Structures are given as structure tokens and as C-alpha cells.
Amino acid sequence: MKRATFLSTLLATGTLGVASLTTMPAVAATGNDDWLGPKAYLGAGASFAKIDDAEVRDNDIGTGDLSDFDDDRTTWQAFGGIMVTSWLGLEAGYLELPDYNDNGFEIDGHGYTATALLAAPLTDRLEVYAKGGRVWWDAQADGPLGFDADIDGNDWLYGAGLNVGLVPNLSLRLEYTRYKLDGDHAEADLDLATAGLQLQF
């Protein structure tokens with residue numbers, strides 16, 4: 001995985017975020033009345049996963065019931081970011097890829113993400129958002145007869161979600177995201193439907 005590229009992107013994101021923090025209003029002093037304003041946040045969520053349009057060496061691969069969401073295929077992710085304004089944000093995250101174990105094959109992996117968010121308020125405690133960016137991922141595949149392979153990629157992701165304020169510093173985040181995974185000789189679309197909690201500062 002191109003960790004150097006990811007780290008440089010993350011460093012640039014963090015530098016911009018720290019600079020933006022210096023211009024934030026004193027949220028704590030005001031009781032965080034402006035829930036939709038500039039803020040920093042941390043969060044985590046659980047996801048249902050499905051896989052579509054899988055190809056290996058330009059050959060279509062049938063994914064069977066993997067192409068539908070199922071409670072047997074769950075994973076999790078953690079994220080942190082900053083809303084520079086009420087409508088523009090930057091976010092970085094960690095993603096645990098869903099495990100696949102069938103027909104003697106086992107695949108597991110993880111990824112790191114860097115994204116930009118565009119948000120639009122619907123009420124004073126409700127906003128919709130769209131996001132887009134990159135995911136740096138790697139996975140380990142094991143199979144019969146000693147099959148063993150490492151695959152990785154640096155690919156696009158995009159999605160949309162809903163952020164619902166529960167209390168002044170805590171919100172419920174509902175999100176649907178697509179990861180366009182395209183590794184060496186293999187590619188697939190990974191979709192995640194996620195529900196999580198977001199703590200903001």
C-alpha cells in the first residue's frame with residue numbers, strides 16, 4: 001500500500017484542520033448552540049457490507065449472496081475530522097474490510113481513508129452531506145493448496161449521509177458509501193451501509 005502517499009495527504013489534512021481550529025468560535029463557552037457550525041469530531045460506526053461487479057484478470061466473478069446486505073457480513077470503521085465551515089469538512093478514517101470465508105478461501109484486510117465533505121443543514125439539528133476521496137487498502141487472501149496472496153490498492157470512494165443531533169455534543173450518523181476497489185488483477189465495488197455515533201468538540 002502506498003503509505004507515504006496516504007501519510008502526506010493525512011498530514012496536509014491535519015495541518016489545514018489545526019489552522020482552522022484557531023478560527024473556530026468558542027463552542028464550549030456558548031454551550032455549543034451552533035450545532036451545525038465549525039467543529040472537530042471523532043466517531044465510529046458499524047456497517048453492513050455487500051460486493052458487486054467483481055472481476056479477476058478481466059473475468060467477471062459471480063458474487064452470489066455477497067451482492068446483498070446480510071447481517072453475517074458486518075464490519076466497523078472509525079473516523080475523525082473537522083468542519084472548516086458549516087458546509088465544508090475534511091475527514092480521515094480507518095476501515096476494517098469485511099471478512100470473506102467461503103469455498104476454502106479466506107480474505108481479510110483494512111484501509112485508511114481521506115475525504116472531503118459537503119454538508120447542507122435541513123434544521124438546526126439535522127444535516128445531509130456528501131463525501132468523496134481516496135481509500136488506501138490492503139488485504140490478505142488464503143486458499144486451498146497453500147494459496148497465499150497480498151493485494152492492495154489506492155482507489156476512489158464516494159457516499160452520502162445524514163447527521164442527526166441527539167444532544168449538543170453527540171449525533172447519530174447514517175451513511176451509505178461505495179469503495180471502488182481496483183487492485184492488481186482484481187477489482188470490485190464494495191458498498192457499506194453504516195450507522196454510527198459522532199462526538200464533536
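Everything numeric here is computed off the predicted structure, so don't read it as measured data.
You'll find the side chain of Lys39 stays beyond 4.5 Å of the side chain of Ile82, heavy atoms only. No side-chain heavy atom of Leu42 sits less than 4.5 Å from a side-chain heavy atom of Phe79. Between Leu90 and Leu117 the shortest side-chain heavy-atom distance does not fall below 4.5 Å. The side-chain heavy atoms of Thr75 and Ser47, taken from C-beta on, include a pair separated by under 4.5 Å.
Expressed to the nearest 0.5 Å, how far CD of Glu175 lies from NZ of Lys131 amounts to 4.0 Å. We find the CZ-CG distance between Arg178 and Leu192 to be 10.5 Å, quoted to the nearest 0.5 Å. Between atom OG of residue Ser171 and atom CG of residue Leu166 there is a gap of 6.5 Å, rounded to the nearest 0.5 Å. Distance check: Trp76 CH2 to Leu97 CG gives 11.0 Å after rounding to the nearest 0.5 Å. The structure places CG of Leu95 at 9.0 Å from OG1 of Thr177, a figure rounded to the nearest 0.5 Å. The OG1 atom of Thr194 sits 9.5 Å away from the CG atom of Leu174 when rounded to the nearest 0.5 Å.
Ion pairing of Glu91 with Arg173 is present here, as a side-chain N (NZ or NE/NH1/NH2) and a carboxylate O approach within less than 4.0 Å.
Residues Tyr179 and Asp189 bring no donor and acceptor atom of their side chains to less than 3.5 Å of each other. With no hydrogens or angles considered, a side-chain donor-acceptor pair links Trp137 and Asp155 at under 3.5 Å. Between the side chains of Glu127 and Tyr129, not a single donor N or O lies within less than 3.5 Å of an accepting N or O.
What you find for Trp156 and Gly133 is that their closest heavy atoms are CE3-O, 3.1 Å. Ala119 approaches Ser86 most closely through the heavy-atom pair CB-O, 3.9 Å.
When hydrophobic clusters are built by joining Ile, Leu, Val, Met, Phe, Trp and Tyr residues whose side-chain heavy atoms come closer than 4.5 Å, directly or via intermediates, Leu172 is grouped together with Leu170.
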Applying ring-ring contact (aromatic ring centres under 6.0 Å, His included), run through Tyr94 and Tyr112 and close with a yes or a no.
CA-CA 5 Å; Tyr94 173 84; Tyr112 302 92; 5.5 Å; yes
Check step by step if side-chain contact (heavy atoms from CB on, under 4.5 Å) holds for Leu157 and Arg134.
CA-CA 6 Å; Leu157 70 92; Arg134 302 290 286 181; 5.9 Å; no
